[in-house]
**Q** 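Quick one: this structure, given as C-alpha cells, is what I'll be asking you about.
Residue numbers start at 1 and run along the sequence shown.
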Amino acid sequence: MDLRHRVPPTAHDGAIHHPNRRKRDSSPTSSASSPKASDALPLPLYLTNAIFFTLFFSVAYFLLHRWRDKIRSHTPLHVVTLSEIAAIFSLIASFIYLLGFFGIDFVQSFITRASHDVWDVDEAVSESSPRPSPSTSITKLPPVECSLISQDDEDIVRSVVNGVTPSYALESRLGDCRRAAAIRRAALQRMTGRSLEGLPLDGFDYDSILGQCCEMPVGYVQIPVGVAGPLLLDGFEYTVPMATTEGCLVASTNRGCKAIYASGGASSVVLRDCMSRAPVVRFSTAKRAAQLKFFLEDPLNFDTLSVVFNRSSRFARLQGIQCAMAGKNVYLRFTCSTGDAMGMNMVSKGVQNVLDFLQNDFPDMDVIGISGNYCSDKKPSAVNWIEGRGKSVVCEAIIKEEVVKKVLKTNVSALVELNMLKNLTGSAIAGALGGFNAHASNIVSAVFIATGQDPAQNIESSHCITMMEAVNDGRDLHISVTMPSIEVGTVGGGTQLASQSACLNLLGVKGASKESPGSNSRLLATIVAGSVLAGELSLMSAIAAGQLVNSHMKYNRSSKDVTKISS
C-alpha cells in the first residue's frame, strides 16, 4: 500500500478556494493511493461480511434457545457450559466487527471526504493535466485570510464546509460567539473562494447581538459617524450624531443648525404617540364580518378590550381600534402607547391577547395573519400619512432675514417660491405619498443608523411635508416640517449596542425614562424632526442659490483612485 503524508495547504492556496473546483475522480489510479481498511482482510470483503453475519445471528439464536430451556428448568442463568462461553465470545466478536464495519467506516467517510476532495486535488490535477503554456490566461483569486487559531477550529471549518455542522448552530455548540463568527467567516471564504479582507472581525462584541440583532455574523460594517449642531430646540442644545457615507450631508445639516441657532432656535410639539398593528381575520359572510366591526368600534366594549390588551406589558396602553372591511375580511388596526420602546413586539402581544379573547364570542373567526398590512409597517401608506404611526411631530422656526442672506446665501422670496414649486407642486405631479420635502429621508436614515433604530422604518418615518412662507412683512422666513409617523425607541433592538448606545447618550436619551415613561423616545422623535428641519433649510437654500452642484463636487467626490486599491 502506498501511504503518502499530505500536509494541509495554507489559507492562500488557490486549490482550496477555487469556486469551480470539481471533486477528485474515483478512478483506479486515484483509489490506489487511498488505502482502505478492507485491504488488511485475508478474504474478500463480501465473504468476510457473510461469515460474521451468519455467526452473529446463529450464535444469538443458540443463546436465546439455551436461556429459554434454563428458565423452564429453573436452572440459574449464570451457570454456563463451555459451549455457551464460546457462543458468548463469538457473539461479542461478531458484534464488534459489524459495529466497526457499519459504524466506524460510515463516520470515517465523512471525515476523510474533505481531505480527499481538498488536500489531494493538487496532486490529481498535476498528475492528470498538462501544465498551462505561458500564453494561457490564469485567473488568480484574492488571498483568503485565515483567522483560525487551532487545529480544532480547522476541523470545525471542514465540518461546516462539508455540511455536517450547520453554520447557524456554531454559537450554541461552541459557546463562544466571537470564535463562531471567525469559523463561519473562514468556512464562507473557503466555500465561495472570495476574500473578506477589509470586513473587520475583531473589535466587536458578538455576544451582544446573539438572539436579538443579527444571525450568523461574519464581521461588521464600519459607517462613519459625524455630528451636526448644536441644534437649539425647545430651549436646549443637542449635538446630533449622523451615521452616513454621503458626503456633504452632515455639513449641510450643520449649516441648517447654525441658521436656526442664530435665529433663536426651533420649537416642536408631539401631536400623537401610538404604535399600530393590524391583523386580518375572515368570516364565512360579510354580514358576520360586519358584526365584529360593530362590536370592536362600540365604545361600551372598549374598556373590556383595553384590560385584555394591556396585560401584555406594563407600558402598553390601548388607545383605539379602527376597522376596515374588504368583503368578508376585516382589518383591525390597534393603536397603543409603548413607553420608550419602539413597540412593535409589545403591540403584537397585546393584539394576540385580544384575538384570543374574541374567539369566545366569535368562534367562527379565522385569523389569517397577525399583520394584514393595514398597520402599515416598513412601506409607504396613506393610513400612516393621515392617521400617524409612532410619534407625530411638528417642528418650526422663524429664520431672520439677515441669517438667510449671510448664512444661507439666498433670500426669503426665492426660498418660498422654490418650496412651492419643488416640494409641493413637483411632489404632487410625481404622485408622491408623504414625500412633500427635499430630502427628509437623508437625515432620518443617518440619525436612525447612529442611534440603533430600525433602518427599514425610515420609509414611513420620512413622511414629511415642508412648508415655507414669508412673515414679518416679508422680511423673515417661517419654515416647518410635519412628520406624522416617526418610529423610534430608546430601549430594545439595536439601541443597546455599544456604539448606538453612546450616540443616544450624546443626545441625553439613553435607555428608558424612570420619571416619565415614554419621554425619552418622544424627545428623540423631536430631535429627528429638528434635524430634518435643519437639513431641509440648508438644502433648499443651496438649490435656491445654485450652490448644490458645487458643494457636492467639493464634499461628495473622492480623489482616490479606487482601481488601485487592493481587494
Side-chain angles (χ1 to χ4, degrees), residues 6 8-24 26 34 99-121 141-222 344-345 348 369-370 378 454-456 492-494 496-498:
R6 300 179 180 87
T10 58
H12 62 271
D13 193 339
I16 294 179
H17 311 292
H18 201 294
N20 298 320
R21 185 75 69 194
R22 292 181 294 179
K23 290 188 177 182
R24 185 175 182 177
S26 56
S34 179
L99 176 65
F101 181 80
F102 289 102
I104 297 176
D105 191 65
F106 178 75
V107 175
Q108 186 181 13
S109 66
F110 286 95
I111 299 176
T112 58
R113 185 186 303 170
S115 61
H116 289 170
D117 291 346
V118 178
W119 294 3
D120 293 346
V121 71
L141 292 170
V144 177
E145 58 176 324
C146 184
S147 57
L148 303 181
I149 58 176
S150 67
Q151 183 60 36
D152 290 341
D153 289 345
E154 174 65 24
D155 294 339
I156 299 173
V157 168
R158 292 182 195 153
S159 179
V160 174
V161 171
N162 293 329
V164 177
T165 300
S167 179
Y168 64 81
L170 288 174
E171 281 80 4
S172 60
R173 296 191 180 185
L174 298 176
D176 185 338
C177 293
R178 192 273 175 200
R179 183 185 174 201
I183 291 174
R184 181 181 297 110
R185 178 191 183 99
L188 177 63
Q189 292 179 117
R190 194 163 300 182
M191 289 187 292
T192 63
R194 301 293 180 181
S195 173
L196 290 179
E197 183 181 3
L199 181 68
L201 175 66
D202 295 319
F204 188 82
D205 182 11
Y206 292 94
D207 292 320
S208 64
I209 65 174
L210 180 64
Q212 56 188 4
C213 291
C214 181
E215 298 77 36
M216 297 197 292
V218 294
Y220 60 97
V221 173
Q222 297 169 307
M344 284 297 300
N345 293 332
S348 296
I370 191 67
K378 298 181 177 72
D454 188 340
Q496 54 199 352
L497 299 180

**Q** Using the side chain to side chain contact (heavy atoms under 4.5 Å, CB included) criterion, which residues pair with E171? Sequence neighbours excluded.
**A**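 Partners of E171 by the side chain to side chain contact (heavy atoms under 4.5 Å, CB included) criterion, ordered by chain and then number, come out as C177, A180, R184, L210, P217.
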
**Q** Under the side-chain hydrogen bond (donor to acceptor under 3.5 Å, both in side chains) test, which residues partner D205, sequence neighbours left out?
**A**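 Testing D205 for side-chain hydrogen bond (donor to acceptor under 3.5 Å, both in side chains), a comparison that skips the adjacent residues, returns none.
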
**Q** How far apart are the C-alpha atoms of S208 and Q496, what are their side-chain angles, what is the distance that settles it, and do they pass the side-chain contact (heavy atoms from CB on, under 4.5 Å) test?
**A** CA-CA 8 Å; S208 64; Q496 54 199 352; over 6 Å; no

**Q** So, for I370 and S348, which heavy atoms are closest and what is the spacing to 0.1 Å?
**A**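 For I370 and S348, the tightest heavy-atom pair comes out as CD1-O, 4.2 Å.
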
**Q** Rounded to the nearest 0.5 Å, how far does CG of L188 lie from CD1 of I183?
**A**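 One gets 13.5 Å once the value is rounded to the nearest 0.5 Å.
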
**Q** With side chains defined as the heavy atoms from C-beta onward, is the minimum distance between R158 and V164 less than 4.5 Å?
**A**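 Side-chain contact under 4.5 Å: no.
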
**Q** Is it true that, when you exclude Q212 itself, more than 12 heavy atoms of the residues, nucleotides or ligands shown sit nearer than 6.0 Å to its CD?
**A**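 Enclosed: over 12 neighbouring heavy atoms sit under 6.0 Å from CD of Q212.
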
**Q** Using every non-hydrogen atom in the two residues, find where L201 and V218 come nearest and quote the distance to one decimal.
**A**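 The pair with the smallest heavy-atom distance is CD1-O, 4.1 Å.
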
**Q** Would you check if I156 and R179 make a side-chain contact, meaning some heavy-atom pair closer than 4.5 Å?
**A**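 Sidechains of R179 and I156: in contact.
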
**Q** Salt bridge between R178 and D202, side-chain N to carboxylate O under 4.0 Å?
**A**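 Salt bridge flag = yes for D202 with R178.
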
**Q** Quick test of your reading: applying ring pair (Phe, Tyr, Trp, His ring centres under 6.0 Å), list the pairs with at least one residue in residues 169-203, sequence neighbours left out, ordered by first then second residue.
**A**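 Every candidate ring pair (Phe, Tyr, Trp, His ring centres under 6.0 Å) pair involving residues 169-203 fails, so no pair, neighbours aside, qualifies.
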
**Q** Taking atom CZ of R185 and atom CG of L196, what is their separation to the nearest 0.5 Å?
**A**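 Between atom CZ of R185 and atom CG of L196 there are 5.0 Å.
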
**Q** Taking only residues two or more places apart in sequence or in another chain, which ones pass side chain to side chain contact (heavy atoms under 4.5 Å, CB included) with N345?
**A**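 For N345 there are no side chain to side chain contact (heavy atoms under 4.5 Å, CB included) partners, ignoring immediate neighbours.
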
**Q** Quick one: pull up SG in C214 and CG in L497 and give me the separation to the nearest 0.5 Å.
**A**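 If I round to the nearest 0.5 Å, the distance is 10.0 Å.
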
**Q** Any pair with a residue in residues 158-203 that passes ring pair (Phe, Tyr, Trp, His ring centres under 6.0 Å), sequence neighbours left out, goes on the list, sorted by first then second residue, please.
**A**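 Every pair satisfying ring pair (Phe, Tyr, Trp, His ring centres under 6.0 Å) with a residue in residues 158-203: there are none.
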
**Q** My understanding is that only residues two or more places apart in sequence, or in another chain, count here; which of them pass side-chain hydrogen bond (donor to acceptor under 3.5 Å, both in side chains) with Q222?
**A**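 By the side-chain hydrogen bond (donor to acceptor under 3.5 Å, both in side chains) rule, Q222 matches no residue at all.
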
**Q** I want to check something: taking the side chain as every heavy atom from C-beta on, are Y206 and D176 in contact at a cut-off of under 4.5 Å?
**A**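 Y206 does not reach D176 side chain to side chain.
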
**Q** Show the nearest heavy-atom pair for residues V160 and S167, with the distance to one decimal.
**A**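 It is CG1-CB, 4.3 Å.
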
